[in-house]
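Working notes, beginning with the structure itself.
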Amino acid sequence: MLDLKELQNDFEKIATKLRKKKVDETVLERLREISLKLKEQRKILEALQAEQNAKSKLFPQYQKEGKDIAGLKEELSQIKQKIAVEQEIVRTLEDEMYEIALSIPNIPDDDVPEGDGEEDNVELKRVLEPTTFSFTPKEHWDLAITPEWIDFERGVKLAKSRFSVLKNGAAKLERALINYMLDFNHNRGFEEVCVPYLVNRDSLIGTGQLPKFEEDLFKIEEEPLYLIPTAEVPVTNLFRDEILTKEELPAKLTSYTACFRKEAGSAGRDTRGMIRQHQFDKVELVAVTTPDQSDAVFDEMVACASDLLTSLGLPHRLMLLCGGDLGFSAAKTVDIEVWLPGQNRYREISSISNTRAFQARRARIRYREGKKNLPVHTLNGSSLAVGRTLIAIMENYQNEDGTVTIPEILKKYMP
RNA sequence: CGGGAGAUGGCAGAGCGGUUGAAUGCACCGGUCUUGAAAACCGGCGAGGGUAACACCUCCGGGAGUUCGAAUCUCCCUCUCCCGGCCA
């Protein structure tokens, strides 16, 4: 959520910055109007309430002195009616204000490049050269080992398309990767947590998936609960409605969860293989910081994910997302793309975002700064998407005979 | 899923329908005392909005209602705890 006070006082500044994200300016203008109007309406309401309170206090006194109460009663009845009217106005304004406020995306940082989409993202750096082969590398679904490792058909049988079953080496590798990543993150100072895969609406509003992106989520039918699209939701919401002390910050957490996404807008994309599934494993990093810590922690998280890939010997590059490609809650995002030799291109395997105070305001996560309670900064990022890492290993470590060599560092994690 | 109890400030725990945003204890912060610490004593100490700062408004799980007035009464919901059933 935007800082409404800032919007009231410095409309131009915010409007200008949000142009990068293509926000309809009339909506922004409307939000400002409502918030100002609400301020005025609240004053009217509060004056009436003050009068009501003052007059109500006279009752015990009147009764003690044996004065007549009827007149006072009548007076208060009228005030009560006026209050009801004003209250309704205030409530209507509040509802409209929150509806709009919750639908406006975060303001991009100043160093976020202009741009409409993927093609305008800026490459920051490359790590490791793309793997070279003495033969033509295959895509992961074409490897000789794949039928033994990944059962696409039966995934569909059990659920529907975009579900699959891992077997043999792939199942073991999946688990090895999860354990390896969690250990790696632990060594970088991230504390491991294990969280629910189902969350309520408040949690999803807190991190920004709702109310706007309901169609991307799997919802439980008989209860207002949703399957998490990322561990970012439960882990960040751990702190919802809490006031943290400065000593607790920065809080750095890591969590392995399955993630569930409807992929509503991706019909026909990546239908082959394991790139885009409705259910996938991910190890996530989440940090809660003071505003002056968040840039440093962001760099730490990017380094953590990049180093992890390097340790697995996987070539990758870091991309600074442009305004048009930025997610709803993010002020700044660095994507990490891993080299897939079979596809002969880089594919996203991690995404690290700083949401600044955007989620903190929605989820009311604050910290105590002197006498004030201020919103924290929240950050999240994939340590790595596990399924895509598995694919990256299959493609980068493939042999001419279609088998896959397990990276040395993972061997002690393999049974 | 069935039966019982409950939901108040960081925690514990009071609170006749009226001047209670809320006793008390602990924790915490500041001060006195002390070489320092502890103890003792004094003071402060919930959140959100509002203000230059006050004032003022809202909030005692959430919602609706009774009343001039509700933390206190009624109804609904949610959650927690105990007993039973079921089950990893």
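So you know, we letter chains A, B, ... as the sequences are listed, proteins then strands, and number each from 1. Since this is a predicted model, take the numbers as computed values, not measurements. For the numbers below, each heavy atom of this structure counts, side chains included, while hydrogens, waters and symmetry mates do not.
Separating the NZ atom of A/Lys372 from the P atom of B/A47 is a distance of 13 Å, rounded to the nearest angstrom. Distance A/Arg42 CZ to B/G48 C1': 10 Å, rounded to the nearest Å. Rounded to whole Å, atom C1' of B/C57 lies 14 Å from atom CD1 of A/Ile44. When rounded to the nearest whole Å, the span between CD1 of A/Ile365 and P of B/A47 equals 17 Å. Counting to the nearest Å, the C1' atom of B/G50 and the CD atom of A/Gln49 are 13 Å from each other. For the pair A/Glu242 CD and B/G48 P, the interatomic distance rounds to 14 Å; values are reported in whole Å. We find that CZ of A/Arg201 is positioned 21 Å from P of B/C77, with the value rounded to whole Å. Distance A/Ile243 CD1 to B/A47 P: 6 Å, rounded to the nearest Å.
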Report the C-alpha separation of A/Asn179 and A/Tyr256 in whole Å, then their side-chain angles, then the decisive distance to 0.1 Å, and conclude whether the side chain to side chain donor-acceptor pair (under 3.5 Å) test is met.
CA-CA 9 Å; A/Asn179 288 330; A/Tyr256 153 72; over 6 Å; no
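Rounded to the nearest Å, the gap between the C1' atom of B/C56 and that of B/G6 is 35 Å. Of the P atoms belonging to B/C86 and B/C76, the separation is 30 Å, rounded to the nearest Å. Rounded to whole Å, the C1' atom of B/G85 lies 11 Å from the corresponding atom of B/G3. Atom C1' of B/A38 sits at a distance of 40 Å from the matching atom of B/C54, rounded to the whole Å. If you take atom P in B/U74 and the same atom in B/C81, they sit 25 Å apart, rounded to whole Å. Nucleotides B/U72 and B/C59, compared at atom C1', are 16 Å apart to the nearest Å. Across B/G46 and B/U24, the matching P atoms stand 13 Å from one another, rounded to whole Å. Rounded to a whole angstrom, the distance from the C1' atom of B/A70 to that of B/A22 is 14 Å.
Judged by Watson-Crick or G-U wobble contacts below 3.5 Å, the nucleotide B/C16 has no partner. Across all strands shown, B/C28 forms a Watson-Crick or G-U wobble pair with B/G44, both key distances being under 3.5 Å. In this structure, B/A37 makes no Watson-Crick or G-U wobble pair, since no nucleotide meets both defining distances under 3.5 angstrom. Here B/A5 sits opposite B/U80 as a Watson-Crick or G-U wobble pair (both hydrogen-bonding atom distances under 3.5 Å).
Here A/Arg91 lies in heavy-atom contact (under 4.0 Å) with sugar-phosphate atoms only. Nucleic acid contact class of A/Lys5 (heavy atoms, under 4.0 Å, all strands): sugar-phosphate only.
With RNA chain B read from its 5' end, the first of the two nearest nucleotides for A/Arg368 and A/Lys43 is the one closest to A/Arg368. Mapping A/Lys57 and A/Ala50 onto RNA chain B by nearest heavy atom places A/Lys57 closer to the 5' end of the strand.
Side-chain contact, A/Ser164 with A/Gln277: a donor N or O sits under 3.5 Å from an acceptor N or O. No hydrogens or angles considered: nothing links the side chains of A/Ser203 and A/Tyr226 as a donor-acceptor pair under 3.5 Å.
Side-chain atoms of A/Phe59 lie closest to B/G18 of the nucleotides B/C56, B/G18, B/A47. For A/Ser56, taking side-chain heavy atoms from C-beta onward, the closest of the listed nucleotides B/A47, B/G18, B/G49 is B/G18.
Taking the charged nitrogens against the carboxylate oxygens, A/Glu94 and A/Arg42 do have a contact shorter than 4.0 Å, which makes a salt bridge.
Donor-acceptor pairing under 3.5 Å, judged by distance alone, is absent between the side chain of A/Gln52 and the base of B/G69.
Between A/Lys219 and A/Glu214, the shortest heavy-atom contact is CD-OE2, 4.1 Å. Closest approach of A/Val404 and A/Ile145 over heavy atoms only: CG2-CG2, 4.0 Å. What you find for A/Gly323 and A/Val112 is that their closest heavy atoms are N-CG1, 3.5 Å.
Remark: A/Asn53 is in phosphate contact with B/U58, judged by side-chain N or O atoms under 4.0 Å from OP1 or OP2.
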